[in-house]
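Beneath this line is the structure, given in structure tokens, with notes to follow.
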Amino acid sequence: MDIVFAPTTWTAAHVLWHGTRMDIVIVAATLIFGFAGCSALAGWADRRRSQVGLAGLALSLGLFALAHFGLSGGFTLEAIPLAFVDVAARILN
């Protein structure tokens, strides 16, 4: 599965909608979902609502939707580890 492709022109529409660099969006959505989920769970355990946790969950679900509609073949669960590997390789390279 190829997540990243290089178009000839780089515009904001290509970056956000046509699948370019969607691996960064997938990684950001996964990290936000993890931290926001922990915040929402801690708020539930304290018997109060965590507004920031719920907002983070909504943001991460929106980013996952952006990744799903931005990728040409759709979003699958196997895209998450591949995205982390691509981002780590880009950082370490």
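Rounded to the nearest 0.5 angstrom, Ile26 CD1 and Asp86 CG are separated by 9.0 Å.
Inter-residue side-chain proximity for Ile24 and Val87 is flagged as met; some heavy-atom pair is nearer than 4.5 Å.
Chaining together hydrophobic side chains whose heavy atoms lie under 4.5 Å apart places Leu41 alongside Trp44.
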Scan the side chains in residues 55-63 for donor-acceptor partners under 3.5 Å anywhere in the protein, sequence neighbours excluded, and list what turns up.
residue, atom, partner, partner atom, Å
Ser60, OG, Gly56, O, 3.3
Ser60, OG, Leu57, O, 2.9

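Atom CZ of Phe35 sits in a sparse spot, with 12 or fewer heavy atoms from other residues, nucleotides or ligands closer than 6.0 Å.
Residues passing the ring pair (Phe, Tyr, Trp, His ring centres under 6.0 Å) test with Phe64, sequence neighbours excluded: Phe75.
Val85 and Ile91 fall into different hydrophobic clusters, where Ile, Leu, Val, Met, Phe, Trp and Tyr side chains are chained together by heavy-atom contacts under 4.5 Å. Residues Leu31 and Val52 fall into different hydrophobic clusters, defined by Ile, Leu, Val, Met, Phe, Trp and Tyr side chains chained together at heavy-atom separations under 4.5 Å. There is no path of hydrophobic side-chain contacts, each under 4.5 Å, that joins Val27 to Leu92.
Applying the side-chain hydrogen bond (donor to acceptor under 3.5 Å, both in side chains) rule to pairs touching residues 30-42 yields Ser39-Ser50, sequence neighbours excluded. Pairs passing the salt bridge (Lys or Arg N to Asp or Glu O under 4.0 Å) check and including a residue from residues 48-57, sequence neighbours excluded, read Asp46-Arg48.
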